[in-house]
Amino acid sequence: MTPVRTSRWMKATAVAALSLGFATLALAQTTVAEPWVRGTVATQKSTGAFMRITSAQGGSLVGVSSPVAGVVQVHEMKMDGGVMKMGAVDALALPAGQAVELKPGGYHVMLMDLKQPLQAGDTVPLTLTVKNKDGKTETVEVKAPVRALGAPAGMPMGGASGAMPMHDHMHMQGQ
């Protein structure tokens with residue numbers, strides 16, 4: 001058997017390729033955990049999407065889009081004079097290293113002007129736009145499973161014994 005010789009160029013190329021791969025992974029500053037969307041009934045034109053977002057360096061969630069809805073906004077629910085009010089926010093602060101919970105009754109993503117009903121078992125693609133502390137824009141692609149309309153907020157996918165994927169998403173670096 002003849003020994004395989006590796007040239008310095010081949011070694012350098014392999015090291016550079018590996019380094020580039022790791023550098024690309026390091027660019028993803030924002031992660032999303034446990035995304036889900038509340039199911040709808042046939043005539044319902046809006047619903048909410050929920051998840052936990054963590055930005056390693058800090059920044060702001062400045063936009064969300066989805067092909068299933070005509071309008072997608074980040075909303076906040078809060079008490080105002082004894083009345084619960086909901087409204088869009090321009091940006092949601094993402095403190096460095098701290099998970100920000102988007103949940104029913106608090107901050108959440110509103111999917112409005114739905115193009116079709118969303119049923120348990122469907123998956124909703126979401127694109128989150130995050131402006132990082134350094135001013136660069138990052139996009140995070142999320143695949144959020146739809147939960148049945150009556151399912152409790154904390155219920156795992158598939159019922160009490162079903163398992164919910166912790167991270168059902170990808171990262172992509174933007175501008």
Side-chain angles (χ1 to χ4, degrees), residues 14-38 46-81 83-112 118 122-147 151-158 162-175:
V15 168
L18 282 172
S19 297
L20 184 58
F22 289 127
T24 301
L25 288 175
L27 292 175
Q29 294 292 321
T30 306
T31 59
V32 173
E34 300 180 29
W36 65 281
V37 172
R38 181 170 282 139
S46 64
T47 192
F50 313 96
M51 63 202 76
R52 193 169 47 249
I53 305 171
T54 305
S55 173
Q57 71 176 31
S60 298
L61 176 62
V62 295
V64 184
S65 63
S66 177
V68 304
V71 177
V72 184
Q73 298 174 336
V74 178
H75 277 207
E76 175 186 24
M77 289 186 75
K78 63 181 177 180
M79 293 299 289
D80 184 13
V83 176
M84 182 66 81
K85 293 192 176 181
M86 179 176 66
V89 296
D90 293 330
L92 175 60
L94 301 172
Q98 296 180 23
V100 174
E101 188 87 20
L102 276 64
K103 60 185 179 180
Y107 287 105
H108 58 280
V109 173
M110 279 301 296
L111 301 161
M112 298 173 285
L118 302 176
D122 291 347
T123 300
V124 174
L126 300 164
T127 301
L128 280 60
T129 303
V130 176
K131 187 171 186 179
N132 292 321
K133 214 173 219 179
D134 61 8
K136 292 186 179 178
T137 301
E138 175 186 11
T139 58
V140 181
E141 301 296 328
V142 177
K143 302 288 186 211
V146 176
R147 292 186 185 172
M155 185 174 148
M157 294 302 299
M164 175 162 48
M166 288 298 290
H167 292 343
D168 189 14
H169 65 278
M170 309 181 330
H171 304 278
M172 295 173 52
Q173 186 64 28
Q175 292 94 323

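Predicted model only: the values in this text are computed from it and were never measured.
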Trainee: Do Thr30 and Glu138 get their side chains close enough for a donor-acceptor pair, meaning under 3.5 Å?
Mentor: yes
Trainee: Could you work out, with salt bridge (charged side-chain N to carboxylate O under 4.0 Å, His left out) as the rule, every residue matching Asp134, not counting sequence neighbours?
Mentor: none
Trainee: So, for Pro95 and Ala93, which heavy atoms are closest and what is the spacing to 0.1 Å?
Mentor: CD-O, 3.5 Å
Trainee: Side-chain contact, heavy-atom cut-off 4.5 Å: Thr31 with Ile53?
Mentor: no
Trainee: If every non-hydrogen atom of Val146 is compared with every non-hydrogen atom of Arg38, which pair is closest and at what distance?
Mentor: CG1-C, 4.3 Å
Trainee: Any non-hydrogen side-chain atom of Leu94 less than 4.5 Å from a side-chain atom of Thr54?
Mentor: no
Trainee: Can you name the nearest heavy-atom pair linking Ala96 to Ala56, along with the distance?
Mentor: CB-O, 3.7 Å
Trainee: State, to 0.1 Å, how close Pro104 and Trp36 come at their nearest heavy-atom pair, and which atoms those are.
Mentor: CG-CZ2, 4.1 Å
Trainee: side-chain contact (heavy atoms from CB on, under 4.5 Å), that's the test. Do Met51 and Val109 meet it? Break it down for me.
Mentor: CA-CA 9 Å; Met51 63 202 76; Val109 173; 4.3 Å; yes
Trainee: Looking at Thr129, Val130, Asn132, which hits side chain to side chain contact (heavy atoms under 4.5 Å, CB included) with Thr137?
Mentor: Thr129
Trainee: Taking the side chain as every heavy atom from C-beta outward, state whether Val32 and Leu126 have any pair of such atoms under 4.5 Å apart.
Mentor: no
Trainee: Just so I know, are the side chains of His108 and Met86 near enough to count as touching, which here means a heavy-atom distance under 4.5 Å?
Mentor: yes
Trainee: Check Thr123 against Pro125 and note the closest heavy-atom contact, atom names and distance.
Mentor: O-CD, 3.6 Å
Trainee: With rounding to the nearest 0.5 angstrom, report the CG to OH distance, Leu92 to Tyr107.
Mentor: 6.0 Å
Trainee: How long is the straight-line distance from NZ of Lys103 back to CD of Glu34, given to the nearest 0.5 Å?
Mentor: 13.0 Å
Trainee: Could you tell me whether the side chain of Lys143 reaches within less than 4.5 Å of the side chain of Pro35, counting heavy atoms only?
Mentor: no
Trainee: Is any side-chain heavy atom of Val64 closer than 4.5 Å to one of Thr127?
Mentor: no
Trainee: Heavy-atom distance under 4.5 Å between the side chains of Met84 and Met77, does that happen here?
Mentor: yes
Trainee: Partners of Glu76 by salt bridge (charged side-chain N to carboxylate O under 4.0 Å, His left out), sequence neighbours excluded?
Mentor: none
Trainee: Is there a side-chain contact (heavy atoms from CB on, under 4.5 Å) between Val124 and Leu118 once you walk through the steps?
Mentor: CA-CA 8 Å; Val124 174; Leu118 302 176; 4.0 Å; yes
Trainee: Are the side chains of Leu128 and Leu61 in contact, using a 4.5 Å heavy-atom criterion?
Mentor: yes
Trainee: Per the side-chain hydrogen bond (donor to acceptor under 3.5 Å, both in side chains) rule, what does the pair list look like for residues 60-74, sequence neighbours excluded?
Mentor: Gln73-His75
